[in-house]
Amino acid sequence: MKIKFIPVDYDYFDFEGRNYVKIIGRDEKGKRVCIIDTCPAYFWAILKNNTSQIEIKKLLEKINKIELDVKGRKTKVEKTEVHEKNFLGKKVKAIKIFATNYKDMHDIAGNLGMPEIEKRRGYDLGFITHYIIEKKLNPLCWYEITGEILENSQEFKGIDNSLDVDLCLKVDSLVPIKEENFSPKILAFDIEADEFRIGEGEILMISFVSDNFKKVITWKKRKEQFENVEYVKDEAELLEKFAEIIKKISPDFLTGYFSDGFDLPYLKARAEKNKVSLNIGLDGSQPKFSRGIFTTGRINGIVHVDLLRFIQTAYSQYMQSETLSLNEVANEFLGESKKKFEFKHSSKINGDEWGRYFEYNLQDSILTFKLFEKFWPDLLEFTRIMQEPIFDVSRNGMSANVEDYILHNLEKFNEIPEKHPTYDEIGERRKREKYEGAFVFQPSPGLYENLTSFDFTSSYGSVIVTYNLSRSTFLEKPNKSSYSIEALDKKLYFSKTSGFFPQMLKDIIEKRKKYKEELKKKFDVIKKARSNAFKLLANASYGYQGFFGARYYCMEAAAATAAFARKAIKEAIETTDKEGFKVIYADTDGFAFLLNKKTKEETKQFLKKLNSKLPGIMELELEDFYKRGIWVTKRTGEFGAKKKYALINEEGKLKIRGFETVRRDWCSLAREIQNNVLLMILKQGDEKEALEYIKKIVKEVKERKIDLKKMTIRTQMKKPLSEYKSITPHIVAARKMQEREMPLKAGSLIEYYIAETKSETKTKLIRDKVKLIDEKGEYNIEYYLRHQILPAVENILQVFKININEILDGKKQTTLGEF
DNA sequence: ATATACACGGATCCCCTATTTCC
DNA sequence: GGAAATAGGGGATCCGTGTA
């Protein structure tokens with residue numbers, strides 16, 4: 001039997017002591033297929049480099065005799081081979097030790113207490129990763145599979161009968177083939193419950209959205225019939241119906257928004273309470289949950305994707321949204337919003353409100369479904385590039401993605417994988433001192449005209465590639481030709497013989513460049529996603545080497561990367577100044593400077609000249625020309641503030657960095673004022689209009705004409721309430737929320753305003769004036785003028801030598817006309 | 001659980017000293 | 001008059017959120 005097959009979900013099982021993978025996917029006709037395959041399990045024993053042939057022979061004999069009985073499972077060394085391999089870039093002799101069961105390799109490795117063996121490696125990848133590396137059956141890629149159909153077969157305990165699939169195949173051979181179309185079946189879902197705490201309230205309704213399928217199921221029966229709404233008897237029947245619909249639709253992907261942390265665990269808890277079995281897995285099993293702080297819900301044969309997790313790692317840093325709430329994310333990516341519905345306990349919902357509640361619930365699934373479609377190209381490309389199952393890739397942080405990429409590309413370098421650090425090692429690494437990071441130029445406050453900026457492309461990535469910075473190329477002692485740099489209070493050396501990590505990174509950067517250029521010629525969603533994935537991978541690789549949990553952790557390489565980057569930007573600044581420009585500001589990998597009467601053409605020529613002298617793959621690019629730019633002083637001290645500036649380009653587009661206007665923990669009034677002031681000043685080059693504008697707003701504030709909404713301050717609670725040492729205004733607000741039993745946990749966004757308090761409560765503390773947004777009260781004029789508006793505009797106007805304090809106090813600004 | 005360092009700025013915390021209050 | 005309480009100043013620390 002020969003089929004075309006695309007693997008989607010990976011699982012493994014033991015049969016007669018051996019490991020098998022069970023992969024669920026589709027064939028070219030869209031039929032659901034399960035394939036069973038296996039591969040040899042092995043790990044490596046790396047030998048000391050002076051081990052003689054005779055010693056090796058004796059060693060092999062000893063190892064071949066190893067037999068173990070682990071938890072009633074008999075496992076043994078099946079065979080051994082000696083190979084020439086690389087480990088951390090060094091040539092080594094290593095014994096490839098084949099064992100019966102992958103799970104026992106750790107124990108066998110533990111049994112090799114032999115002095116000739118220096119290290120044991122490759123037993124901690126997990127069987128699925130090991131299998132994918134070994135057989136190269138990459139997720140979401142097409143294959144032609146030849147194999148034997150399992151039909152009412154006794155093999156594997158009759159697995160084909162216990163699985164709800166169209167075809168079950170035992171693999172003989174697999175060959176990658178050209179891409180076929182794959183349109184996965186997606187089912188989005190969302191629940192509404194009476195309590196936010198998992199399982200503590202009843203689930204009132206569940207909505208589903210798939211292709212041409214929309215449904216809300218609820219046991220809150222109404223007399224009237226609503227579109228897409230189906231009534232059931234009670235919660236137990238609701239849960240049964242949930243399982244039924246999933247089985248009927250039989251999706252490849254079940255997707256939710258925060259469903260790892262809410263919907264799925266809630267369903268599980270309520271199913272247990274109601275003694276209903278959520279047997280939605282293709283093998284009839286219930287969802288399984290990982291332990292730990294972040295729970296993840298896994299369903300056999302159906303990939304559960306919590307979109308929030310993926311958006312968090314892959315997109316959040318490039319998003320405008322201030323929170324990752326479904327509403328904001330949908331607004332940004334789809335231009336659609338959630339339906340409005342104020343949460344209330346079901347006992348307090350009036351008759352006619354239920355219809356809107358159902359619509360609200362359905363809309364959440366609609367948005368989730370559309371978001372999945374929107375992000376599908378990204379999920380697909382991430383999965384193909386990292387070569388790990390989509391279930392894992394969609395939940396990975398960027399460091400895990402980098403590591404997956406490395407592990408799946410090691411074979412090209414004949415490298416044995418490094419092990420995961422032990423608990424103790426991680427502890428040691430975490431204790432280490434921080435190393436010096438980026439260089440930030442000390443700016444002089446002022447308003448400047450005619451500027452431009454140059455940036456290093458993939459700065460840290462190209463530094464790593466150019467100077468070959470990695471764990472395997474780090475040298476304890478310098479050799480004849482090595483790269484060297486001062487960092488960590490000593491001189492660090494790196495070999496000039498290209499290491500696998502920098503080489504992989506070079507490949508990543510080149511691919512990113514290639515796809516980006518192709519995109520310019522012709523837009524293509526998949527290429528866009530691919531280019532983006534490579535970009536993220538390149539950006540995360542520096543952080544990876546400095547991350548304490550990394551297999552290829554190398555603090556020296558991370559410190560050297562930062563040091564080389566500092567050197568590069570400082571040199572570029574120096575050359576730029578020497579050329580007759582004037583550098584105003586720089587941060588990490590980019591710098592802005594005045595043209596100083598030079599033309600744009602001259603500037604571009606200078607860029608070319610600069611680039612021709614840069615080492616390796618280092619490259620500067622011109623970002624834009626700016627009409628004006630403003631840098632301000634710090635609130636304390638007379639120096640210019642770093643990481644705070646605003647630029648306007650020739651089309652009138654603003655680029656604002658660091659100012660309160662881009663910070664969500666300032667009230668929108670202050671942000672709006674600052675934004676407008678910056679715009680007015682940068683457009684006109686003077687402060688006159690801005691001053692009038694500020695005066696107008698101050699007057700409105702004093703006359704209480706401002707909507708309370710604009711006074712709301714939003715601050716995130718980053719940890720559990722009890723862990724706070726310092727009782728800040730947002731913690732006072734959070735305590736009030738807790739008293740009211742409002743949903744509250746680490747990560748919640750706390751909203752409050754500062755109110756006028758009665759005169760007898762004499763207090764200096766702002767926290768004593770905190771009120772929740774729906775609490776009755778009036779905004780505190782003094783606070784909003786002194787602590788929100790003033791700080792937002794004070795430093796900007798100081799550039800024009802204007803003391804805004806006097807305007808706030810209502811004094812006549814007699815000297816105004818002079819400016 | 002978890003990519004890195006640098007930076008700003010609000011608000012509270014905490015210690016010290018000066019002043020006021022109390023007996 | 002002397003001890004205790006309070007006020008207030010200033011640096012340290014906590015905390016959140018940016019830039020890159």
Side-chain angles (χ1 to χ4, degrees), chain A residues 261 290-296 309 312-313 317 322 395-403 426 429-430 433-443 455-456 458-460 464 536-550 552-553 555 557-559 561-563 565-566 569 585-591 632-637 639-645 655-666 670 713-719 723-732 746-747 749-750 754 762 764-770 783 786-788 791-792 794-795:
Chain A
S290 68
R291 287 186 210 103
I293 286 173
F294 287 131
T295 54
T296 56
R309 297 273 294 263
Q312 232 161 15
T313 38
Q317 63 177 129
E322 284 171 11
R395 288 170 174 79
N396 273 352
M398 273 322 284
S399 77
N401 282 332
V402 173
E403 194 151 284
I426 290 176
R429 291 174 183 186
R430 291 187 76 159
E433 296 262 312
K434 282 189 172 163
Y435 57 85
E436 190 183 341
F439 165 72
V440 188
F441 190 96
Q442 174 69 67
D455 285 9
F456 282 102
S458 295
S459 161
Y460 280 15
I464 293 171
L536 290 170
L537 211 47
N539 288 346
S541 57
Y542 154 70
Y544 173 78
Q545 295 203 99
F547 166 51
F548 49 76
Y552 294 99
Y553 172 80
M555 210 237 305
T561 307
R566 285 196 300 272
I569 194 156
Y585 183 63
D587 187 347
T588 313
D589 61 358
F591 56 104
V632 300
T633 50
K634 281 204 283 185
R635 293 274 291 155
T636 50
F639 290 116
K642 295 171 174 182
K643 298 188 186 286
K644 239 185 150 176
Y645 62 92
K655 180 180 173 181
I656 300 179
R657 293 293 121 97
F659 273 112
E660 284 74 5
T661 197
V662 301
R663 297 177 60 93
R664 72 166 179 203
D665 54 349
W666 284 71
I713 298 165
R714 294 180 184 83
T715 315
Q716 197 181 26
M717 198 171 89
K718 305 286 275 188
K719 53 189 177 188
E723 283 176 29
Y724 280 88
K725 287 179 191 162
S726 186
I727 310 308
T728 55
H730 84 288
I731 294 310
V732 172
L749 201 63
I750 313 296
I754 304 302
K762 214 170 72 186
K764 287 186 308 187
L765 296 177
I766 288 161
R767 65 176 178 208
D768 294 334
K769 301 183 171 80
V770 164
Y783 172 81
R786 287 284 150 221
H787 294 268
Q788 292 279 332
E794 187 180 31
N795 299 331

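Computed from heavy atoms alone, side chains included, the values below leave out hydrogens, waters and symmetry copies. Proteins get letters first, then strands, A, B, ... in listed order; numbering begins at 1 in each.
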Pick base, sugar-phosphate or nothing for [X], based on heavy-atom distances below 4.0 Å to the nucleic acid.
| X | value |
| --- | --- |
| A:E436 | sugar-phosphate |
| A:R395 | nothing |
| A:F441 | nothing |
| A:G437 | sugar-phosphate |
| A:G549 | nothing |

Practice problem: Considering only NZ, NE, NH1 and NH2 on the basic side and carboxylate oxygens on the acidic side, decide whether A:E723 and A:K718 come within less than 4.0 Å. | Solution: no
Spacing of [X] atom [atom1] relative to [N] atom [atom2], expressed in whole Å:
| X | N | atom1 | atom2 | value |
| --- | --- | --- | --- | --- |
| A:F547 | B:dA5 | CZ | C1' | 16 Å |
| A:R429 | B:dT4 | CZ | P | 12 Å |
| A:N539 | B:dA5 | CG | P | 16 Å |
| A:L765 | B:dC14 | CG | P | 13 Å |
| A:M555 | B:dA3 | CE | C1' | 15 Å |
| A:Y542 | B:dT4 | OH | P | 9 Å |
| A:Q442 | B:dC6 | CD | P | 15 Å |
| A:F639 | B:dA7 | CZ | C1' | 15 Å |

Quiz item: What one-letter contact string describes nucleotides 13-20 of chain C from 5' to 3', where B marks a base within less than 4.0 Å of any protein heavy atom, S marks contact via sugar-phosphate atoms alone, and - marks no contact?
Solution: -SSBBBBS
Quiz item: What is the minimum heavy-atom distance between A:Y552 and A:E403, and which atoms define it?
Solution: N-OE1, 4.4 Å
Practice problem: Check A:N795 against A:T633 and note the closest heavy-atom contact, atom names and distance. | Solution: ND2-O, 3.3 Å
Quiz item: Between A:Y553 and B:dT2, is there a side-chain N or O to OP1/OP2 distance below 4.0 Å?
Solution: no
Exercise. Using only side-chain N and O atoms of A:H787, determine if any of them is under 4.0 Å from OP1 or OP2 of B:dA11.
Key: yes
Quiz prompt | Residue A:I727, side-chain heavy atoms: nucleotide from B:dC13, B:dT4, B:dC8 that is nearest | solution = B:dC13
Quiz prompt | Residue A:W666, side-chain atoms from C-beta onward, closest of B:dA3, B:dA7, B:dG10 | solution = B:dG10
Would you check if [X] and [Y] make a side-chain contact, meaning some heavy-atom pair closer than 4.5 Å?
| X | Y | result |
| --- | --- | --- |
| A:Y645 | A:V632 | no |
| A:R714 | A:I750 | no |
| A:M555 | A:F548 | no |

Quiz prompt | Along DNA chain B (nearest heavy atom to each residue), the more 5'-positioned of A:R635 and A:F439 | solution = A:F439
Exercise. Kindly indicate, with the supporting measurements, whether the criterion side-chain contact (heavy atoms from CB on, under 4.5 Å) is fulfilled by A:R309 and A:T296.
Key: CA-CA 10 Å; A:R309 297 273 294 263; A:T296 56; 3.3 Å; yes
Quiz prompt | Sole candidate of A:Y460, A:F456, A:F441 that passes side-chain contact (heavy atoms from CB on, under 4.5 Å) when paired with A:T588 | solution = A:Y460
